[in-house]
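Below is one structure, written out as C-alpha cells; comments come after it.
For the numbers below, each heavy atom of this structure counts, side chains included, while hydrogens, waters and symmetry mates do not.
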Amino acid sequence: RSTEDIDWFWPAALEDLGVEWFKPYRTLYDDSKGMPWTKWFLGGKINIVHNILDRHIRAGIGDKIALYFEMDDGSSRTATYRELYDLVNVLAASMKASGIKKGDVVGMCMSISIEAVAIMLAAMKIGAICMQIASRISADEIVESLNLGNAKILFMNDGYRRGGKWIDCERIYAFVCAHVPSLMNIVFVRRGNVFDPTADDRKAIWWDDFLSIGSGLKTPKTEKLDSEHLALILFSSGTTGKSKVILHTHGGVLVPVAREVGYGFDCNAGDVFYWFTNIGWMMAPWEIIGTLFFGASLVVYEGTHLYPTPHRMFELIEKYRITIFGFTPTALRGLAKINEDFSGHNLSSLRILGST
C-alpha cells in the first residue's frame, strides 16, 4: 500500500511514527510541476530539532545517553539528551548573537563529533541551513562550496587525527580566509593546539569563546518552519563526475528518515545505533536524525575501520553493545581480504545489520 496508495500511506505513517507538527499540513504533496519537483506537506509547520530533542526533554528522558563519541585514539566522551539539548541551545544563541538569521548558511567542515552534531542541530533550530562539507576534500572544493552557499559562518577543527595520523587544517583555514568573503566568523574546535588562528584574524574565534557569547543569553525558541524550509546542504561524493549539490528540507528530511530508520531498521528507544560514515555524507545526518527521533543512543566514531587494527569495528560493537550496525561493501570486502580471525569478539548485542 505504501507504493499503491501514497495518499493513505503518508498520513498513516506520520501518525504511527509520532511526527509532531507545530501546524498540520493542508496538502500532502503537489507534483504539478513534475515528479522531481514535488513539494511535500504544504502549509505544515515543523522543525527537525523539536522532533529529535525538544520533545524528548519534555518527555523526561534527558538523563539518557544520546551520543557516544569514540575518538581516533580510543578515548571517548558521551552526551546525554539534556547535555546535547543544552549545548544546542547555547550554540543557537551564539549564532543568533553573531548575526546568523533564518535562511543563512552555516558551514561546517570537520570530523564527526559531539560538537559537529550540535552545530547541525543548532543551525536547524533557528532556521539556518547547515552546509556539511567532507573534511578530506581539497581546499579549492571547500571554498567553492562555501561560496555557492554564500556561507556566513564556518565551523572547523584546528586539526584532527585519522588512522593515527595528525591532519593539520591550517592551510585550509588560510585558503578559506583569502577566498570566502561572505564569512563573518570562523569558529575553531581545538583538537591539537598546533596553531592559533585568532592571532592575526579578527574573524577567527575559539569554540569556547564562541559558546561564551550565548551562555548568558535567553534560549532561542525552536523556529516553526515551513515543511519546505531548507535544513541541509550536502554534496554527492563526486566519484562519477563533478560533485552535485543536494538540498534537504525540514519535512523532506525528517519524515522519510523516520520512516527508514523506524520501519527499515526497527529502531526504538532501547537501541544503540552506529553507521560507518562521517559528517560530510548523508548517512551521518540520516543516522543522527533517525536515531535521536526514536530516543535511542547513537555511536559517532571519527576514525577508520583499520586503525589501530582491523578489529576496530568489532571492538566498537562490543564496547557500546551496538544493536543496529551499518557498514559499506567496500570496507567489508577489504576486511574479508585480510584473512583475519574476528571470531573472538562478542557480537551478541547485534540484531540488525545494514549496508550502504
Side-chain angles (χ1 to χ4, degrees), residues 49 53 66-67 69 71 77 79 82-133 135 142-143 145-146 149-160 168-170 172-178 180-223 231-233 279-280 285 288 300 302:
V49 175
L53 272 186
L67 302 173
F69 174 38
M71 286 169 258
R77 290 189 282 127
R82 168 62 69 180
E83 288 167 339
L84 182 59
Y85 174 80
D86 289 343
L87 178 56
V88 166
N89 285 334
V90 172
L91 258 178
S94 296
M95 286 181 186
K96 291 194 79 166
S98 300
I100 303 301
K101 303 181 297 296
K102 185 164 71 172
D104 284 344
V105 170
V106 172
M108 174 167 54
C109 183
M110 53 196 296
S111 53
I112 197 165
S113 61
I114 292 171
E115 289 82 3
V117 173
I119 292 162
M120 181 184 85
L121 299 186
M124 289 177 177
K125 179 184 177 72
I126 63 173
I129 308 155
C130 194
M131 174 185 279
Q132 295 176 201
I133 304 169
S135 58
I142 292 169
V143 163
S145 299
L146 292 169
N150 197 33
K152 296 294 190 295
I153 191 170
L154 173 65
F155 290 84
M156 60 186 295
N157 297 324
D158 59 347
Y160 58 95
D168 197 323
C169 295
E170 185 171 7
I172 290 174
Y173 160 66
F175 198 72
V176 165
C177 280
V180 187
S182 61
L183 288 174
M184 300 185 296
N185 290 111
I186 303 175
V187 183
F188 281 87
V189 177
R190 192 194 303 266
R191 297 294 299 273
N193 200 25
V194 290
F195 77 103
D196 184 2
T198 65
D200 58 359
D201 191 332
R202 286 175 294 176
K203 289 183 179 180
I205 182 171
W206 288 114
W207 172 262
D208 289 343
D209 295 329
F210 186 74
L211 288 183
S212 69
I213 296 171
S215 61
L217 300 177
K218 184 180 178 182
T219 299
K221 63 180 181 179
T222 300
E223 290 287 339
L232 287 168
I233 301 175
I279 200 74
I288 294 163
V300 290
E302 70 174 351

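One N or O on the side chain of Ser182 and one on the backbone of Ala151 form a donor-acceptor pair closer than 3.5 Å.
In this structure, the salt bridge (Lys or Arg N to Asp or Glu O under 4.0 Å) partners of Asp86, at least two apart in sequence or on a different chain, are Arg82. Applying the salt bridge (Lys or Arg N to Asp or Glu O under 4.0 Å) rule to Asp158 yields no partners; only residues at least two apart in sequence or on another chain are considered. With sequence neighbours excluded, the residues satisfying salt bridge (Lys or Arg N to Asp or Glu O under 4.0 Å) with Glu115 are Arg77. A search for salt bridge (Lys or Arg N to Asp or Glu O under 4.0 Å) contacts involving Glu302 returns Arg191, not counting sequence neighbours. For Phe69, there are no ring-ring contact (aromatic ring centres under 6.0 Å, His included) partners, not counting sequence neighbours. For Ala231, the side-chain contact (heavy atoms from CB on, under 4.5 Å) test picks out Ile48, Met124, His250, with sequence neighbours left out. In this structure, the side-chain contact (heavy atoms from CB on, under 4.5 Å) partners of Ala66, at least two apart in sequence or on a different chain, are Tyr81, Leu84, Leu292. Residues passing the side-chain contact (heavy atoms from CB on, under 4.5 Å) test with Ala122 are Val88, Leu91, Ala92, Met95, sequence neighbours excluded. Residues satisfying the ring-ring contact (aromatic ring centres under 6.0 Å, His included) test with Tyr160, not counting sequence neighbours, are none. Not counting sequence neighbours, the partners of Lys96 by the side-chain contact (heavy atoms from CB on, under 4.5 Å) test are Ile126, Pro220, Glu223.
Counting all heavy atoms, side chain and backbone alike, Ala204 lies closest to Pro197 at CB-O, 3.4 Å. Taking each heavy atom of Gln132 and Pro285 in turn, the nearest pair found is NE2-CG, 3.7 Å. Listed here is the closest heavy atom pair of Cys169 and Gly159: SG-CA, 3.8 Å.
One distance of note links CE of Met108 with CD1 of Ile233; it measures 12.0 Å at 0.5 Å rounding. One finds the CG atom of Leu53 at 5.5 Å from the CG atom of Leu121 (value rounded to the nearest 0.5 Å). Atom-to-atom distance recorded for Met131:CE and Ile153:CD1 is 14.0 Å, nearest 0.5 angstrom. With values rounded to the nearest 0.5 angstrom, Thr219 atom OG1 is found 5.0 Å from Asn89 atom CG. Rounding to the nearest 0.5 angstrom, the gap separating the CD1 atom in Ile279 from the OG atom in Ser135 is 10.0 Å.
With contacts defined as side-chain heavy-atom distances shorter than 4.5 Å, the pair Val180/Leu154 does not qualify. Put simply, the side chain of Lys203 does not reach to within 4.5 Å of the side chain of Cys177, judged on heavy atoms. With contacts defined as side-chain heavy-atom distances shorter than 4.5 Å, the pair Met120/Leu232 qualifies. With a 4.5 Å cut-off on side-chain heavy atoms, Phe155 and Val189 do not count as touching. When side chains are defined from C-beta on, Met156 does not count as touching Val176, because their heavy atoms never get closer than 4.5 Å.
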May I have the list of side-chain donor-acceptor pairs in residues 209-218 shorter than 3.5 Å, sequence neighbours left out?
| from | atom 1 | to | atom 2 | distance (Å) |
| --- | --- | --- | --- | --- |
| Ser212 | OG | Asp209 | O | 2.6 |
| Ser215 | OG | Ser212 | O | 3.0 |

Checking Asn185 against Ile100 for the side-chain contact (heavy atoms from CB on, under 4.5 Å) test, could you report, in this order, the C-alpha distance in whole Å, the side-chain angles of both residues, the deciding distance, and whether it holds? CA-CA 10 Å; Asn185 290 111; Ile100 303 301; over 6 Å; no

Pair Ser98-Met184, side-chain contact (heavy atoms from CB on, under 4.5 Å): steps then yes or no: CA-CA 8 Å; Ser98 300; Met184 300 185 296; 5.8 Å; no

Leu146 vs Ile133, side-chain contact (heavy atoms from CB on, under 4.5 Å): CA-CA, chis, key distance, verdict: CA-CA 9 Å; Leu146 292 169; Ile133 304 169; 3.8 Å; yes

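Residue pairs meeting the salt bridge (Lys or Arg N to Asp or Glu O under 4.0 Å) criterion with at least one member in residues 103-114, sequence neighbours excluded: Lys101-Asp104.
Aromatic ring pairs are classed by plane angle as parallel below 30°, tilted from 30° to 60° and perpendicular above 60°; the pair Tyr173 and Phe195 is tilted.
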